[in-house]
There are 2 protein chains.
Amino acid sequence: MSGNNPGEQRRALTLRDVSEASGVSEMTVSRVLRNRGDVSEGTRDRVLEAAKRLGYVPNKIAGALASQRVNLVAVIIPSLSNLVFPEVLSGISAELEETGLQPVFGVTNYSAEREELVLYEMLSWRPSGVIIAGLEHTAAARAMLENAGIPIVEIMDVDGPVVDSVVGISHKRAGLEMARAIVKAGYSRIAFLGTKMPDDHRARKRLEGFEAGLAEAGIELVDREFYSGGSALMKGREMTEAVLSRSPEVDFLYYSNDMIGAGGLLYCLDKGIDVPGRIGLAGFNGVELLEGLPRRLATMDACRREIGRRAAAIISGHSEAGLIGGERVELTPVLQPGDTIRPA
Amino acid sequence: MSGNNPGEQRRALTLRDVSEASGVSEMTVSRVLRNRGDVSEGTRDRVLEAAKRLGYVPNKIAGALASQRVNLVAVIIPSLSNLVFPEVLSGISAELEETGLQPVFGVTNYSAEREELVLYEMLSWRPSGVIIAGLEHTAAARAMLENAGIPIVEIMDVDGPVVDSVVGISHKRAGLEMARAIVKAGYSRIAFLGTKMPDDHRARKRLEGFEAGLAEAGIELVDREFYSGGSALMKGREMTEAVLSRSPEVDFLYYSNDMIGAGGLLYCLDKGIDVPGRIGLAGFNGVELLEGLPRRLATMDACRREIGRRAAAIISGHSEAGLIGGERVELTPVLQPGDTIRPA
DNA sequence: CTGAAAGCGCTAACAA
DNA sequence: TTGTTAGCGCTTTCAG
């Protein structure tokens, strides 16, 4: 408020400043500011008044170093532009809201190398826990996770070996069940349309499960088409056109996510193709965003918010209890048949 | 790798451990690990080998306290579920990638109170800079920003008084120009459909600008409709239906964002309404996600990624130069007429 | 090129 | 209820 000579480098306020301004020892000031221990009403008021008047903001760096406790939870995800992850994050945020823990986000762009880097960076802040998407990590990243000495929760996927705790769904199973539902509905000449990302293991596992499901009925994929980058809705259109002109006999299109599926749906409607009569369609994720399309695309809910919540709950539970122990939460995605699979 | 008695609380490794394992002083180990100062090839190798073998992860808390430097940039945004912000974040991430600075995100849920809290929390980590959405803050938040002694960049909006630097667009102007374009195209019975959020000041400013633009031509809004929550596409449909049945004379619908606009577009197409002949439509944001709809919705690009980039660049520039000085970057959103405004 | 000493701002532990 | 003393693990500074 006063004495702000511009140009003069202002030193940030310290506990000592508040201590001097209030005539109370640093230690007691610290107690007041953290609501710790017994402090008399009078002292408390004097301290709070002084802190507020000066505009004191505590230095968590120093606090964390002294107390060896950091209220940060590292959250590592592949991407922010894929709709799915912001939803997971908001589940995490919501769950952590009242726990005193703060999520810190890092993004890997679907690169295992970058994941390793981001993880290293985050661990060096000594967070109280780590939530990380997927089960596939570099050897070094895995080692860091194992040695961090804090609760680790791998999320989204449960198909594979785990470091500590895990919260997710089985993408293999999701693909498998979708395949069964499609076969049961009488489709048999089926194509897959998906993303081509080297490190998108979950999409890969869904496809594997899907093929396994088809194999049960002696069916093989008729065609497949991959893309990367660009607007998903548009890509969905383009890929659908490509597949339908290349393999006109196809009667079902399974998309690796709802956005490209929606593009495909719009394309089919444009072309006057009978959906789900002539061609059935299904996506994956259960993106709420898409409610409101001319038809509801068949999909499977990936339980994104719930995954975020449960993962955060594990971290906050363990950080309270002070223990580290692998929990396993497998959520079950439910088929939402929508309007694009014909009734069995 | 060895000696991991489970159950035994493992103390995290310190510089001293690396020092002892390599037979080099802590100070020199520190130099090697930070690539600072001259260290002989031999010592360097010994240190790196030891650090790697032990799996040492530096403690940034201690480092930051000692050096009084923190490579964190606090980024405060209203929401993650609104498409727009993840894009800003990815602009920030991209720009910061090579600077050694790390973004840390906080979410306010469009609440000024919560913003104040999040800001306090983040400032207590003594970040190198703050990027914060919007110009409207509580008095206390404003005071914190002013006294933080670090570069502050307010983003998204330039219509109003600023704390330090600002990067954004004028939403008033965006609304104004949209109004002019619509009037010029010959529409005159115009309705507004938007979100009802107390602290969404940018949507409010767009509406104000829009009304001002209409007023230039002596036109007043025929109708308005607000919503909150739910799937935007669906809400767009519902609101559109409501307005059209209440005010059948309307010939243009201006939506406060592209998602509800897209819902409206789909509704009109469903009903066989001639767009843009009978009714014109426009949204706001320039959401790439929507490319691939049956028609391209008229919109205005909000320059989200660019805003993120520029804001991050200001922070990293100032943190290098060590100075704090208000920069002002006003980007100009461009009208994308798409297929839903009839040619003037 | 390398090392020793002195903190960074706070809190744990103990003393009064 | 309040204060004192020692660090937390690193880096700055200065001395070899």
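All chains are named by letter (A, B, ...) in the order of the sequence lines, taking the proteins before the strands, and each is independently numbered beginning at 1. Nothing here was measured: the structure is a model prediction, and the numbers come from that model.
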_Strand contacts (DNA chain D) in residues 59-66 of chain B, 4.0 angstrom heavy-atom criterion_ = B/Asn59, B/Ala62, B/Gly63, B/Ala66

*Between B/Arg16 and B/Glu26, is a salt bridge (charged side-chain N to carboxylate O under 4.0 Å, His left out) present by the stated rule, with each step listed?*
CA-CA 6 Å; B/Arg16 160 171 251 121; B/Glu26 279 188 51; 3.6 Å; yes

*Could you check how far CZ of A/Arg34 sits from P of C/dC10, rounded to whole Å?*
11 Å

_Whole-Å distance separating the CE atom of B/Met27 from the P atom of C/dT2_ = 12 Å

*asked:* Please determine whether a side-chain nitrogen or oxygen atom of A/Ser67 lies at a distance below 4.0 Å from atom OP1 or OP2 of C/dT11.
replied: no

*Tell me: CZ of A/Arg36 to P of C/dT11, nearest whole Å?*
9 Å

_Side-chain N or O of A/Thr28 versus OP1/OP2 of D/dG3: is the shortest distance under 4.0 Å?_
yes

*Ignoring the backbone of A/Glu26, work out which of D/dT1, C/dT2, C/dC10 is nearest its side chain.*
C/dC10

*Write down the distance between CG (B/Leu33) and P (D/dG9), rounded to a whole number of angstrom.*
16 Å

For residues 60-70 of chain B, run the donor-acceptor check on the side chains, cut-off 3.5 Å, and write out each pair with its distance to 0.1 Å, sequence neighbours left out.
| unit_1 | atom_1 | unit_2 | atom_2 | d |
| --- | --- | --- | --- | --- |
| B/Lys60 | NZ | A/Glu121 | OE2 | 2.6 |
| B/Ser67 | OG | B/Gly63 | O | 2.8 |
| B/Ser67 | OG | B/Arg69 | N | 3.2 |

*May I ask you to evaluate whether A/Gln68 reaches the phosphate of D/dG9, defined as a side-chain N or O under 4.0 Å from OP1 or OP2?*
yes

*Contact under 4.0 Å: A/Arg69 side-chain N or O vs C/dA12 OP1/OP2*: yes

*Taking atom C1' of C/dA4 as reference, at what distance in whole Å does atom CG of B/Leu15 sit?*
15 Å

*Find the distance A/Glu20:CD to C/dC10:P and express it as a whole number of Å.*
12 Å

*Given atom CH2 of A/Trp125 and atom P of D/dG9, what is their separation to the nearest angstrom?*
16 Å

*Decide side chain to side chain donor-acceptor pair (under 3.5 Å) for B/Arg142 and B/Asn147; before the verdict, give the C-alpha distance in whole Å, the side-chain angles of both, and the deciding distance to 0.1 Å.*
CA-CA 9 Å; B/Arg142 206 158 211 295; B/Asn147 295 317; over 6 Å; no

_Residue A/Val24, side-chain heavy atoms: nucleotide from C/dC10, C/dC8, D/dG3 that is nearest_ = D/dG3

*No-H, no-angle donor-acceptor pair, B/Arg31 side chain to C/dG3 base, under 3.5 Å*: yes

_Side-chain N,O (B/Tyr56) to OP1/OP2 (D/dG9) below 4.0 Å_ = no

